[in-house]
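As structure tokens, the structure follows; a few thoughts come after it.
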Amino acid sequence: MDVQAQRKGREGKRNVELKAALVKSSSRLPLSASSLKRGPDQMEDALEPAKKRTRVMGAVTKVDTSRPRGPLLSTVSQTQGHNAAQKGPKKTGPGGCSAVGTVLRSQKPAPAAPAKPGTSTAPVVVGKRAGKRPAWDLKGQLCDLNEELKRYREKTETLELENRGLREQLREVQEQATTLGTERNTLEGELASVRSRAEQDQQRLETLSARVLELEECLGTRERLLQELQGERLQLQEERSTLSTQLEEQERRFQATEAALSSSQEEVVCLRQKTEAQVTLLAEQGDRLYGLEMERRRLHNQLQELKGNIRVFCRVRPVLEGESTPSPGFLVFPPGPAGPSDRPTGLSLSRSDDRRSTLTGAPAPTVRHDFSFDRVFPPGSKQEEVFEEIAMLVQSALDGYPVCIFAYGQTGSGKTFTMEGGPRGDPQLAGLIPRAMRHLFSVAQEMSGQGWTYSFVASYVEIYNETVRDLLATGPRKGQGGECEIRRASPGSEELTVTNARYVPVSCEKEVEALLHLAHQNRAVAHTAQNKRSSRSHSVFQLQISGEHAARGLQCGAPLNLVDLAGSERLDPGLPLGPGERDRLRETQAINSSLSTLGLVIMALSNKESHVPYRNSKLTYLLQNSLGGSAKMLMFVNISPLEENVSESLNSLRFASKVNQCVIGTAQANKK
Ligand code: ADP
Ligand code: MG
């Protein structure tokens, strides 16, 4: 603002000065009042031609006056003439324009005017334009020349005057030009500053334009964003309306549910009352059930006792492929007391008496040997039928009675088939061990409903040549089954345990199957090491059963033993022993010793002898707790159907019959 004010002030001052200068020279310069009103720039432009004219005039002034001035002066005179015409006649003064105009006009080639007669001076003729005097009129010519000289003198004076005027004018104009030059410099400075300001403004303008573009872009982006947001908003509005519809629906449902709930609550109250009544009833029935269960156990045990605490079942295996069919009547199974459909209990084996025929020379008479057991299974009997007969005994083990099941017979009579089963994978051929386990697990499951919790721990050992080996050994001991010893579980305890043997907790059939498979593998490895070892050793599968009725503080536990005995065949004393058969003799003696010890133990128990020779064999020692008075025992005598095995079959049947005659004292459940 200050700069502008200063500028305006300067401009005003300059205008005043200019006006003054121009007023001074207004009589000589063709500047109108309107020109004075213009701005400094316009003023410069307006002054420019004047300067030029002045210069021209100056130049003219300096020019030799002898030169013709017509065309140059005529230009000035035209302009002045024009101005004069515009402004009208003015008073002439010394050095005034009118004087110049007059002089200039007089210099114009005047049109040839006719000379006035009677005057010597007229007509005024310059040079040849006046009528030529006759050559003889020298006086006239002199007169003319004087006239002309006079005029020239006047004219010279006039021109000098004019020249002085013009010089004066020139000086003034030069002063003005100087002033104007200064002015111009000032103005140029101002112009430069204005220009720089204009440039700055331009830059600012560009910056602002760029900013405007930026803002426009931003605006565009925002508009797009706005559009997107509007789209989203629309979507959300739609969603919202959908949700409101759903909400309404849910509210309706909620109300309906609430109504249903209130009616249900009433029902619940009603049902609670019923439940309470039923809980009381259930408790009563639980007590009754427990009473009944105890009664069942007592009756079951009584039944087992009636059946005998030691029972013997005979099983005859079928004739296998490639074996010669025995002659009819070799083996006969008389029907049971209730008829042919009744379960057979007897077996007749016919054998020709060779000794008599040699003595008499007559054809050998046939001697029939009749045997009777608790049950006889002819060759066609299924594994399932066999198990059904022992299922009750297995149940006894759950009730807390030690149970021992043996398979006795010569090699190849079907002991392993009875105990473990046929080839793996066929469930129909599964033997007593897997079936007993399945039965135990399922009954234990049922009993859990009555508050009983059962746990089972399995072990499987082999007794070969009076050494005990673990059949469940894994890792480096696999197959070798590092030697084990039978020891008391703790000093003073009656419980026996096998050192170095694995005791594996089991809870399902699959686990038991895996154990049987492992035992099979271990036996196969041992089999290659010692020929036919499996048939020359006793395999003892033991399952320690522990039951607990926490609510009534009852506990029961008993072992279930499933024993696959070594082949009962004897060495033929008539046959000489080969060099490699000394081992076999030793094996056989060990087997016979342990089997006869088993028989002796059973006899001693039966006869209630004070000393029972349990310690005479590893087998009886290991089974000590399962053979006593409180135990239940079952012996399978496995028989070959072949005539060639008749001798061994008879031996087995005789041994079994002896066992069958034994009655062991009343069994006692191991209850705490
Ligand atoms: P052991 O163990 O007494 O030496 P095995 O159980 O090994 O005798 O039986 C010898 C052969 O007879 C095996 O091939 C077995 O599969 C077969 N076998 C035994 N008993 C039966 C049976 N009840 N039904 C079918 N095959 C049997
Ligand atoms: Mg066997």
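In listed order, ligands and their atoms are each counted from 1. Note that the numbering runs from 1 along the sequence shown for the chain.
- Within the 6.0 Å centre-distance limit, the rings of F441 and F456 are counted as a close aromatic pair.
- Contact check on R343 versus E389 returns a salt bridge, with a Lys/Arg side-chain nitrogen under 4.0 Å from an Asp/Glu carboxylate oxygen.
- The protein non-hydrogen atom at the shortest distance from atom 8 (O) of ligand 1 is G414 N, 3.1 Å.
- Residue contacts with ligand 1 for T418 are absent, since no atom lies close enough (heavy atoms, distance under 4.0 Å).
- Using a cutoff of 4.0 Å between basic side-chain nitrogens and carboxylate oxygens, D287 and R552 are scored as salt-bridged.
- With ligand atoms numbered from 1 in the order given, ligand 1 contributes 4 (O) to contacts under 4.0 Å with heavy atoms of T411.
- Contact analysis leaves G422 out of contact with ligand 1, as no non-hydrogen atom separation drops below 4.0 angstrom.
- At most 12 non-hydrogen atoms from other residues, nucleotides or ligands lie less than 6.0 angstrom from CD of Q445.
- Distance check for T416 against the Mg ion (ligand 2): an N/O/S atom falls below 2.8 Å.
- In the displayed structure, E384 atom CD is contacted under 6.0 Å by at most 12 heavy atoms of other residues, nucleotides or ligands.
- Of all protein heavy atoms, the one lying nearest to atom 25 (C) of ligand 1 is P318 CG, 3.5 Å.
- For atom 7 (O) of ligand 1, the candidate residues are V316, T416, V386; the nearest heavy-atom contact is made by T416.
- For the pair Q383 and ligand 1, no heavy-atom separation below 4.0 Å is found.
- Proximity of the aromatic rings of Y408 and F655 is defined here by a centroid distance below 6.0 angstrom, and this criterion is met.
- At least one N or O atom of G412 sits closer than 3.5 Å to an N or O atom of ligand 1.
- Side-chain atoms of E569 and T411 form a donor-acceptor pair, as typed in the model, at a separation below 3.5 Å.
- H538 has its ring centre no less than 6.0 Å from the ring centre of Y464.
- Here F541 and Y460 bring their ring centres to under 6.0 angstrom of each other.
- When hydrogens are left out, the protein atom nearest atom 14 (O) of ligand 1 is L320 CD1, 4.3 Å; that is the closest non-hydrogen contact.
- Remark: minimum distance from atom 15 (C) of ligand 1 to any protein heavy atom is reached at F417 CD1, 4.1 Å.
- With a heavy-atom cut-off of 4.0 Å, Q410 touches ligand 1 through its backbone alone.
- At a 4.0 Å cut-off, not a single heavy atom of G409 sits close enough to ligand 1 to count as contact.
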